[in-house]
2 protein chains.
Amino acid sequence: MEKERLNTAKTITIYDIAEEAGVSASTVSRVLNGSASVRKEKKERIQKIIEKYNFKPNALAKGLSDTATKNIGIIAADVRNPYYSALFVACELAAEKAGYSVVLSNSLGENERERAQLDIMMQQRVDAIIQMGGRVDDLITDDSYAEKVRGICEKTPVIVTGKLDKAPVHSVVIDESNAMDILMEHLFALGHEKIALVGGEMKVASTYNKYQKYQENLRKKGIKERGEYVVNGTYDPESGYECTSKVLDLEERPTAIIAINDFAASGAVRAIKEHGLRIPEDISLVSFDNTYIAELTIPKLTSIDYDYEGYGRVLIETAVSAAEGKNVEMMQMITPKLVIRESSGKLENGV
Amino acid sequence: MEKERLNTAKTITIYDIAEEAGVSASTVSRVLNGSASVRKEKKERIQKIIEKYNFKPNALAKGLSDTATKNIGIIAADVRNPYYSALFVACELAAEKAGYSVVLSNSLGENERERAQLDIMMQQRVDAIIQMGGRVDDLITDDSYAEKVRGICEKTPVIVTGKLDKAPVHSVVIDESNAMDILMEHLFALGHEKIALVGGEMKVASTYNKYQKYQENLRKKGIKERGEYVVNGTYDPESGYECTSKVLDLEERPTAIIAINDFAASGAVRAIKEHGLRIPEDISLVSFDNTYIAELTIPKLTSIDYDYEGYGRVLIETAVSAAEGKNVEMMQMITPKLVIRESSGKLENGV
DNA sequence: CTGAAAGCGCTAACAT
DNA sequence: ATGTTAGCGCTTTCAG
């Protein structure tokens, strides 16, 4: 049987354009990129032919001869998480404006995949790599991972949303500590002192930092920390539900709960309602990330926002500048902001 | 000031490997791809050197000389929507297994962007393009868009999750009609006859199809359709809230509501609760898509699932087969499945 | 202002 | 089994 190739219209190249215009390929290239002046007459003739064929230069060939591909690789932990999808889309939009494209892949919590993706992006010759979540969230940097990234940094700038010790990467991180301060100030102002912290793993740097600040805030306020008010878990609704249930079953239950993210908070809402308690009358609930989940729950969640659009812009600006060899700060902070909705309220009376 | 380029370690190529191994570049290429047998001794020597430098062949050069890039472009309407993110990740995983990478971009409802993205993917020489949502969801195909895609199809297979008249694309669509049948059967079985349909735009094919089936089911059951029970809107929570509110304010309100997707349903939940009604005791609520939103609401939603993993697999298999010039069916259907949760229940008594 | 020529890194006949 | 050679499509000196 003969092998049939259906989709095989002739690929038109810069040479075809050149021939039809009666000029050399170089000239076509010049008008394509505006890299040098071409006589107006010729220029127009060439442009007409380009349009006629709707010619688009082969990006592979261009990337091969150039040094840049105008592609930025993004490795996200999981775009199904609204935090990452919001940030990713923000990056995509910012990149578009800067004349770059983004290439996304999800590490999905698997170390192996994350490393493989780094390799693929290098092979693809992206001009910079942005890593959002995953290994760069680890409180203790994985040594072999750091080494891998170090190798990459020699050729391609790497920007992370967390930290990576021992590797010259650019960091653009949320000021988690500040975020926790804001949240606790809010709760203190409402009269809460019995405050629980649910969800999240201590091996994740951002969670650990929040925990530190949680302690510090209590201490400053002269409130003794109760170990049973801090229940670790993961970052999903199920975990939020379980952690919250535990806290609510305590003899002396808290009057306010801080969930590690909106997902966990949504689980917390369920647990609180099942315990026959009202939000915020009986218990206040606040969380981090301000994803659209915060508007889906009933009541809507008071949550910490990061201005995703701005965050994405900074990430891309950093990536682009670094890719173009400009000098960029190695460490930048994103300032969080409190968005007050319905889930937090004044402490009415003791429990 | 001197321009400084930091990230510029020497790029090592197949020739460097060849030289150090004392062989020709072809031989290195052969061991790299296993495209022909190489004497074991040499092979091992070469592999050692490759590992030593952690050499990864330049994908651009490879794509340029080969005819394939092993990249599949995916244009999604918006990955921030859990439906698309679930499907995208499913595709990514399936592609990975097939030795392909996926390249994502979001059209975000903007016609211009969607077209531009098609161009970019062509320039990038992806082996196939999968389009999820966007213009391919239109009930009436945009002519100029179809023409554009037609041009692309001549070179690169296009797979759509909707339809595109007048363009030889492969379709992998959800059997929406069947989905609506299942949902209504479920409601009928629970005793509901006053059924509303909220959210969605009729200009979107899938919504229109659902509406058709909604009517047909009522007719078959001998129930007269009430125009006021069908309230169009969009696909977000806000719209679900508004559409549902309208329906609940009717003199004779429905006993069951079908939301166009989980997002709209989450808004519906809010509206229903604000009306002081219980779900499902006073009113049943069902929806389409079975995203994680269905598990976040209280109560959890009865929703139509599509088996995202399977759906993604079919999309990628189709893309890969088409890219490799194999014969693939032009039209495939995804069978929906009902997932019953807490939001739907027996009709207790008349309103 | 423009063309010729070399090269980006890899693959694929074609010889040997 | 392996080396040689000729591209893939574009950019970029270098001449003129």
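Predicted model, so just to flag it, every value in this text is computed and none were measured. Below, chains carry the letters A, B, ... as their sequence lines are ordered, and counting in each starts from 1.
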- Message: Need one value for A:Ser26: base, sugar-phosphate or nothing, where a base atom within 4.0 Å counts as base even if backbone is also close, heavy atoms only.
- Response: base

- Item | Rounded distance (Å) that lies between atom C1' of D:dT11 and atom CG of A:Leu60 | 15 Å

- To the nearest angstrom, how far is A:Asp66 atom CG from D:dG9 atom C1'? 12 Å

- Query: Can we say A:Glu41 and A:Arg39 salt-bridge, meaning some charged N sits less than 4.0 Å from an Asp/Glu carboxylate O?
  - Reply: no

- Taking only N and O in the side chain of B:Ser37, is any of them less than 4.0 Å away from OP1 or OP2 of D:dA1? yes

- Query: Which part of the nucleic acid, if any, lies within contact of B:Val23, taking any heavy atom under 4.0 Å across all strands shown: a base, the sugar-phosphate backbone alone, or nothing?
  - Reply: sugar-phosphate

- Message: Is it the case that atom CD in B:Glu20 sees more than 12 heavy atoms from other parts of the structure closer than 6.0 Å?
- Response: yes

- In whole angstroms, the gap separating P of C:dG9 from CZ of B:Arg125 amounts to 20 Å

- Query: Would you call A:Lys48-A:Glu44 a salt bridge at under 4.0 Å N-O?
  - Reply: no

- Task: For A:Lys56 and D:dG9, give me the distance from atom NZ to atom P, rounded to whole Å.
- Result: 18 Å

- Tell me which of A:Ser29 and B:Ser65 sits closer to the 5' end of DNA chain D, going by the nucleotide each one is nearest to. B:Ser65

- Measure the distance from CG on B:Asp16 to P on C:dG9 and round it to the nearest whole Å. 9 Å

- Query: Counting heavy atoms not belonging to A:Glu309, are there more than 12 under 6.0 Å from its CD?
  - Reply: no

- Tell me which nucleotide among D:dC10, C:dG9, D:dT2 gets nearest to the side chain of B:Thr27. D:dT2

- Item | Given C:dT11, C:dC1, D:dA1, the nucleotide with the shortest approach to the side chain of B:Arg39 | D:dA1

- Message: Tell me the interatomic distance from A:Leu32, atom CG, to D:dC10, atom P, rounded to whole angstroms.
- Response: 8 Å

- Does A:Asn33 put a side-chain nitrogen or oxygen below 4.0 Å from OP1 or OP2 of D:dT11? yes

- Query: C:dC10 P sits how many Å from B:Ile46 CD1, rounded?
  - Reply: 14 Å

- Is there a donor and acceptor pair, one atom on the side chain of A:Arg30 and one on the base of C:dG3, closer than 3.5 Å? yes

- Task: Measure from CG on B:Leu64 to P on D:dT11 and round the result to the nearest Å.
- Result: 12 Å

- 5'-most by nearest nucleotide on DNA chain C - A:Lys40 or A:Tyr15: A:Lys40

- Note on the structure: B:Lys42 has its side chain closest, among C:dG7, C:dT2, D:dG3, to D:dG3

- Would you call B:Asp142-B:Arg135 a salt bridge at under 4.0 Å N-O? no

